[in-house]
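Each remark here refers to the structure printed beneath this line.
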Amino acid sequence: MNFNFNEEHNRKNTNSTKWDSVDRVFGCTDVLPLWVADMDFACAPGIIEAITKRAQHPIYGYGHIPEEFFESAMNWASKRYNTSIQREWLTNIPGVVPALNLAIDAFTKPGDEIIIQPPVYFPFFSTIKNNGRTIVENSLIEEDGYYYMDLEDLENKITSKTKMIILCSPANPVGRVWTKEELLGLFEICKKNKIVVIADEIHADLVYEKGSHIPFYSLSEDAANMSITFMSPSKTFNIAGLFSSLAVIPNQDLFTEFSHAIARSSLENLNIFGIEAVIAAYNEGEKWLDELLIYLKGNAEFIHNYLKTNIPEVKMRVTEATYLGWLDFRGLGLRGDQLNEFMINDAKLGLNEGRGFGINGDGFMRLNYACTRKTLEEAMKRLEKAVKARKK
């Protein structure tokens, strides 16, 4: 490998949410943090160089977003997904979670129903609730740790008040890359019922089978016209703190409404370093990403095999995408607060509690394995020791 993903970087005292919020989040300082979704790896060299170059200019005023920002994203979509994005479809947004709020504001009214598919990224719940809309849960079906869409249930849940579905593609936390058949099934139901599809595709680049991710807008012209897709290099290239993303909106009526929502919220501007980082990531980061994906898949396989060999009561499938493992602790007979306390107090591990992703996440934990293999080895040893002590 040309890039050293085994290199340790001390992130403490860098105002890192992941490392410097441990006491506040977990109530102690001795847990190993494997929770919030950013990576412990250095960014791609091209990104560091671009930010360093910009930082050397001593004025950090408001940023102008050049056409190269959008062109880099268009070229990236062509290279990685074999899809064509037109320039007039694109607008900039500071991040996917703010963009979810904007979409809810633009395309629904208080009291309207919005569908989500838990277990799913927890801000989906809060953005809907905080905007005075009604959450409708179309829960995924789980079979031996593998998750499927329940399209029959989806169709049965739709009412005259249902206006939107938020699709997590690839799925966080369960790591699924949705097949074309699954996406087309969802599309047909939403088209028939005139439901706007908001596709959160922030993990789209982090797929282990190259080319397996299918952007929702690429399914058909009709799918493009009834959807908004959020894309971003933030997770892919570990630049989430620079708050720079994009929205893909082929339907010009939807584009106009979304743009009005951006203006109402005064979210037109981007971080000046984020602009440089996005351009560098999309133009220069492909080789780094390809090597990263090999390392990440190796980490996922390490966890899966370690659990199978040493802690068979705990299970984790090797995910199809993301760097987020979905660990099943139900074989230990642990759920809810008891599981949370076991992980923090006994295993000394700071993971995301499964219940935060929906009620069907009870008994699960989300583990961020975008870290060095040495860190993962320590985490597995801690977990094994805690499980063995519990059995005595």
With a 6.0 Å cut-off on the ring centroids, do [X] and [Y] count as close?
X    : Y    : value
Y323 : Y369 : no
Y60  : F273 : yes
Y146 : Y148 : yes
W76  : F69  : no

Considering only NZ, NE, NH1 and NH2 on the basic side and carboxylate oxygens on the acidic side, decide whether [X] and [Y] come within less than 4.0 Å.
X    : Y    : answer
D346 : R390 : no
D30  : R382 : no
E276 : K53  : no
K79  : D205 : no
E155 : K192 : yes
R80  : D290 : yes

Given a cutoff of under 4.5 Å between side-chain heavy atoms of I, L, V, M, F, W and Y, with clusters grown through shared members, what are the other residues clustered with V207?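 When side chains under 4.5 Å apart are linked, the cluster holding V207 also contains V177.
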What residues join I344 in its hydrophobic cluster, counting side-chain heavy atom gaps under 4.5 Å, either direct or through other members?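 Via sub-4.5 Å side-chain contacts, I344 links to V22, V25, F26, V31, W35, V36.
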Checking [X] side chain against [Y] main chain: does a donor-acceptor pair fall under 3.5 Å?
X    : Y    : answer
S126 : P123 : yes
S265 : L267 : no
K235 : A37  : yes
S16  : K12  : no
D105 : N101 : no
N238 : F41  : yes
H304 : M316 : yes
D362 : G354 : no

Linking I/L/V/M/F/W/Y whenever their side-chain heavy atoms sit closer than 4.5 Å, directly or via other members, would [X] and [Y] fall into one cluster?
X    : Y    : answer
V174 : V120 : no
I116 : F187 : no
V196 : L184 : no
W89  : L167 : no
V97  : F243 : no

Nearest heavy atoms of G46 and A280, plus distance in Å: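 Between these two residues, the closest heavy atoms are O-CB, 3.6 Å.
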Could you report the tightest heavy-atom contact between M39 and W288, atom names first, then the distance? CE-CH2, 4.1 Å
Please examine the side chains of [Y] and [X], heavy atoms only from C-beta on, and report whether any two atoms are closer than 4.5 Å.
X    : Y    : value
I128 : T134 : no
T91  : I262 : yes
M343 : L383 : yes
L219 : L183 : yes
V314 : D328 : no
E313 : K391 : yes
T372 : E7   : no
I202 : S234 : yes

Mind running side chain to side chain contact (heavy atoms under 4.5 Å, CB included) on M149 and W178 for me, showing each step along the way? CA-CA 9 Å; M149 289 190 194; W178 304 119; 3.5 Å; yes
Strictly by modelled atom types, are [X] and [Y] linked by a side-chain donor-acceptor pair under 3.5 Å?
X    : Y    : value
T52  : E49  : no
E71  : Y282 : no
N340 : R355 : no
Y217 : T83  : yes
N283 : N75  : no
W19  : D40  : yes
E320 : S212 : no

If you apply the rule salt bridge (charged side-chain N to carboxylate O under 4.0 Å, His left out), what do you find for D112 with R133, and how did you get there? CA-CA 5 Å; D112 283 349; R133 277 60 165 176; 5.8 Å; no
CG/L349 to CD/E378 distance, rounded to the nearest 0.5 angstrom?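 Reported to 0.5 Å precision, the distance equals 8.5 Å.
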Between CD1 on residue I189 and CD1 on residue I158, distance to nearest 0.5 Å: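 Taking CD1 in I189 and CD1 in I158, the distance rounds to 6.0 Å.
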Applying salt bridge (charged side-chain N to carboxylate O under 4.0 Å, His left out) to R330 and E142, what does each step give before you reach the verdict? CA-CA 13 Å; R330 293 174 298 179; E142 184 234 336; 3.1 Å; yes
Between Y295 and R373, is there a cation-pi geometry (under 6.0 Å to ring centre, at most 45° from the normal)?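 Yes.
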Cation-aromatic face contact R176/Y147, 6.0 Å, 45 degrees: no
Which label fits F258 and F230: parallel for a plane angle under 30°, tilted from 30 to 60°, or perpendicular past 60°? tilted
Is the number of heavy atoms from other residues, nucleotides or ligands within 6.0 Å of CD (E301) greater than 12?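 Counting other residues, nucleotides and ligands, CD of E301 exceeds 12 neighbours.
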Using a cut-off of 6.0 Å, state whether more than 12 heavy atoms not belonging to Q252 lie near its atom CD.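 Atom CD in Q252 is packed in, count exceeds 12.
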T17, D20, D38 screened by side-chain hydrogen bond (donor to acceptor under 3.5 Å, both in side chains) with R11, the one that passes: D38
Go through it in stages, so that I can follow the logic: the residues are D150 and N138, the test is side chain to side chain donor-acceptor pair (under 3.5 Å), and I'd like the CA-CA distance, side-chain angles, deciding distance and then a yes or no. CA-CA 7 Å; D150 189 342; N138 167 227; 5.2 Å; no
With S245, which residues qualify under side chain to side chain donor-acceptor pair (under 3.5 Å), at least two apart?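 Listed in chain order: S232.
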